[in-house]
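Please read the structure below before turning to the comments.
Values below: every heavy atom of this structure, side chains too, minus hydrogens, waters and symmetry copies. To find a chain, count down the sequence lines: A is the first, B the second, and so on, and within it residues start at 1.
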Amino acid sequence: MNSELKIYNSLSKEKEVFRPIHPGRVGMYVCGPTVYSNVHLGNCRTFVSFDIVYRYLQFLGYKVRYVRNVTDVGHLEGDVDTGGEDKLGKRARLEELQPMEIAHKYTVGFHDMMRIFNVLSPSIEPRATGHIPEQIEMVQQILDNGYAYEVNGSVYFDTLKFAEKDGIYGELSGRKIEDLIAESRDNLKKQDEKRHPSDFAIWIKAAPEHLMHWDSPWSVGFPGWHLECSAMSTKYLGKTFDIHGGGNDLKFPHHENEVAQNYGACGCTPARTWMHGNMLLLNGKKMSKSDGNSIMPEELFTGKSSHLTKGYTPMVVRFFMLQTHYRSTLDLSDDALQAAEKGYRRLMEAYATLQALPFSGDATAGVQDQEVREWIAGVHDEMNDDFNTPKALARLFEIVSRINSWKGGQLSMEGLTEATYTELKATFTTFIFDIFGLQDEAAAGGDDGFKTLDGLMQLIIDMRADVRARKDWSAADKIRDVLKEVGIVLKDGKEGTEWSKE
RNA sequence: GGUCGGGUGGCCGAGCGGCUAGGCAGAGGUCUGCAAAACCUCGUACAGCGGUUCAAAUCCGCUUCCGACCUCCA
């Protein structure tokens, strides 16, 4: 490859050449789910996006420490002042379970879904309830440094002070200090514990009925939602690390407040590069559980949804996601999924073709060798350009045409050396499986089972070849038709008959 | 209302000053017993109106439509 990795930094709003703090190592933190209900497809898209980032960084040879948390406490519905209820606590009440049962139930569900989408497990998956002492310690540091104040057992971060003193509150999400200050005048009358509307709770005194609570220097209570990410990222990745990721919708207030907390506690901002994945749209609107505009992965797989005409496999969905850049919104529709399904199959069949295709090129390099070498450099360049999966995928399809032409005899391997051919095969395979994280669903389904089936199919194909040699077309067609009914397609080519599952 | 991001061919989506991706669908052809697959060729684009430029989908301005965030959300 010819290029260096460039990543779009939400903080600077520019693509920057990526240089890790420690050569050869990358520290990456991504905000995980709040485990109070099942993940929907929009959640999955974000984790697939960062899975690609994780995979590609590893492919480049970096030793990556990837931390992705699970939020199991402190995430309130609404505001603290308006008596917001903890999401897990509420769910626990509704399902008549312990909050930890809720957390466990939906964490397991989340993991299952990640496995189904072939999302790699992060290096560390810390949970908020497992890091209460660290969070209390951080609150204390923020208080000691004068960036927070205590009221009636709750502790609030003083955003106005931070904004005025350091001038970086609002930098990430594009909010202005002047607006904050202007707001504060109107707010003086409010009978609020907070000094300023943009202040946020970092420790919340628990109401008597609140199920999850811990002792602290200020009250029996629980940590604010934003605090866990600051505490856990600092613990596992240090005060400053390379990449912080998450969904676009977390930029404000969650990430902005994280920056404030880290600054308040450590005097520096946590991440050098901020990456934000864009939303998955359904009916032209953001997929969201709270307004009911969402689709669950199960519905997608089974096709049992008013938005779909049929079901789609996890890898088709993953392929579908890869066709769009992570910073663009992606509109889910049945038509688009059908197109993705065919594209995915075409790619997988080309992979199988390439595996079986013998080398028939030359000892000396010619024009074609040069073309293939340029192609190999090209796919890497696309990924280096802020993980441009749609472009890299487009490049893969350029090679699909070439593979099929070699096989079909429309193109020879003239001028192609074996070394280049080997590299082509390796690159093609690596991109599909290791970097894009796709799986060959047709070939899956058990190696033993597949061998048996393949043996049977070879027998049937041989017998049908005899029938065809006698020009008994009706018998040959009948075999083909019956097989089609059970989902097996026969393709008669020059070199014989091939079979594949529909 | 404030801040930001969009409107690209039948659909999904790249591109973001000159070389006009890719997938799916459509048309014609090659191959084949037929079919399928594959291959080759081909339409139909850059929301509208102005402007800058030798050159604009790409830059600037206005209009219009859509979305995100500003309150929990990946």
Taking the minimum atom-to-atom distance to the side chain of [X], which one of [options] wins?
X	options	answer
A:Ser405	B:C12, B:C39, B:A35	B:C39
A:Thr46	B:C34, B:C70, B:A74	B:A74
A:Asp492	B:C72, B:A35, B:G15	B:A35
A:Met279	B:C69, B:G23, B:A74	B:A74
A:Asn404	B:A68, B:C70, B:A38	B:A38
A:Asp331	B:G13, B:A14, B:C72	B:G13
A:Val489	B:A21, B:A36, B:A38	B:A36
A:Ala394	B:G13, B:A21, B:A14	B:A21

When we call it a touch if two heavy atoms are under 4.0 Å apart, what does [X] touch: a base, just sugar-phosphate, or nothing?
X	result
A:Leu396	nothing
A:His325	sugar-phosphate
A:Lys286	base
A:Gly493	nothing
A:Thr324	sugar-phosphate
A:Leu337	nothing
A:Lys491	base
A:Lys407	nothing
A:Asp335	sugar-phosphate
A:Gly174	sugar-phosphate
A:Gly42	base
A:Arg346	sugar-phosphate
A:Asp477	base
A:Arg464	base

When you measure from the side-chain N and O atoms of [X] to the phosphate of [N], is any distance below 4.0 Å, counting only OP1 and OP2?
X	N	result
A:Asn248	B:A68	no
A:Ser328	B:A14	yes
A:Asn388	B:G15	yes
A:Lys342	B:A25	yes

Distance, [atom1] atom - from [M] to [N], rounded to whole angstrom:
N	M	atom1	answer
B:A37	B:C19	P	34 Å
B:G18	B:G22	C1'	22 Å
B:C46	B:G7	P	13 Å
B:A56	B:A47	P	15 Å
B:U20	B:U63	C1'	27 Å
B:G15	B:G6	P	11 Å
B:G23	B:G61	P	36 Å
B:U64	B:G29	P	50 Å

Using the rule given for side-chain contact (heavy atoms from CB on, under 4.5 Å), can you reason through A:Val316 versus A:Arg345, listing the C-alpha separation, both sets of side-chain angles and the distance that settles it, and then say yes or no? CA-CA 8 Å; A:Val316 167; A:Arg345 284 190 185 161; over 6 Å; no
Nearest whole Å is fine: how far is [N] [atom2] from [X] [atom1]?
X	N	atom1	atom2	value
A:Gln410	B:G29	CD	P	18 Å
A:Gln323	B:G13	CD	P	9 Å
A:Arg327	B:G15	CZ	C1'	13 Å
A:Ile488	B:A37	CD1	P	18 Å
A:Glu171	B:C69	CD	P	22 Å
A:Asn293	B:C72	CG	P	20 Å
A:His255	B:C4	NE2	P	20 Å
A:Leu347	B:C24	CG	P	10 Å

At less than 3.5 Å, do the side-chain atoms of A:Arg480 and the base atoms of B:C34 form a donor-acceptor pair?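 Indeed, a donor on one side and an acceptor on the other fall under 3.5 Å apart.
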Watson-Crick or G-U counterpart of [N], or none if no pair lies under 3.5 Å:
N	answer
B:C69	B:G2
B:U32	none
B:C16	none
B:C11	B:G23
B:C49	B:G61
B:A37	none
B:U44	none

Where does the angle between the aromatic ring planes of A:Phe50 and A:Tyr326 fall among parallel (under 30°), tilted (30 to 60°) and perpendicular (over 60°)?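 Correct class here is tilted.
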Could you tell me whether B:G43 is syn or anti, where syn means a glycosidic angle within 90 degrees of zero?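 Judged by the O4'-C1' to base torsion, B:G43 sits in syn, the angle falling within 90° of 0.
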Are A:Phe320 and A:Phe117, when compared by the centres of their aromatic rings, separated by less than 6.0 Å?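 Distance test on ring centres: not under 6.0 Å, no.
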Would you find more than 12 non-hydrogen atoms of other residues, nucleotides or ligands less than 6.0 Å from A:Lys310 atom NZ?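 Yes, the 6.0 Å shell around NZ holds more than 12 heavy atoms from other groups.
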Testing the basics here: between A:Leu41 and A:Met321, what is the closest heavy-atom pair and its distance to 0.1 Å?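 Minimum heavy-atom contact is O-CE, 4.1 Å.
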Considering all heavy atoms, the nearest A:Gly437-A:Met315 contact: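 Where A:Gly437 meets A:Met315 most closely, the heavy atoms are O-SD, 4.0 Å.
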With distance as the sole criterion, is a donor-acceptor pair present between the side chains of A:Arg402 and A:Gln368 under 3.5 Å?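 A:Arg402 vs A:Gln368: donor-acceptor pair found between side chains.
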Stacked pair A:Trp473-B:G33, distance under 5.5 Å, angle under 30°: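 So A:Trp473 counts as stacking on the base.
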Less than 4.0 Å between a side-chain N and a carboxylate O, is that true for A:Lys478 and A:Asp481?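 Judged by the 4.0 Å cut-off on N to carboxylate O distance, A:Asp481 and A:Lys478 do not form a salt bridge.
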Can the positive tip of A:Lys289 be found less than 6.0 Å from the middle of the six-membered ring of A:Tyr36, inside 45° of the ring normal?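 A:Lys289 over A:Tyr36 ring: yes.
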Among A:Arg327, A:Lys391, A:Lys6, whose salt bridge (charged side-chain N to carboxylate O under 4.0 Å, His left out) with A:Asp386 holds?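 When A:Arg327, A:Lys391, A:Lys6 are each tested with A:Asp386, the salt bridge (charged side-chain N to carboxylate O under 4.0 Å, His left out) holds only for A:Arg327.
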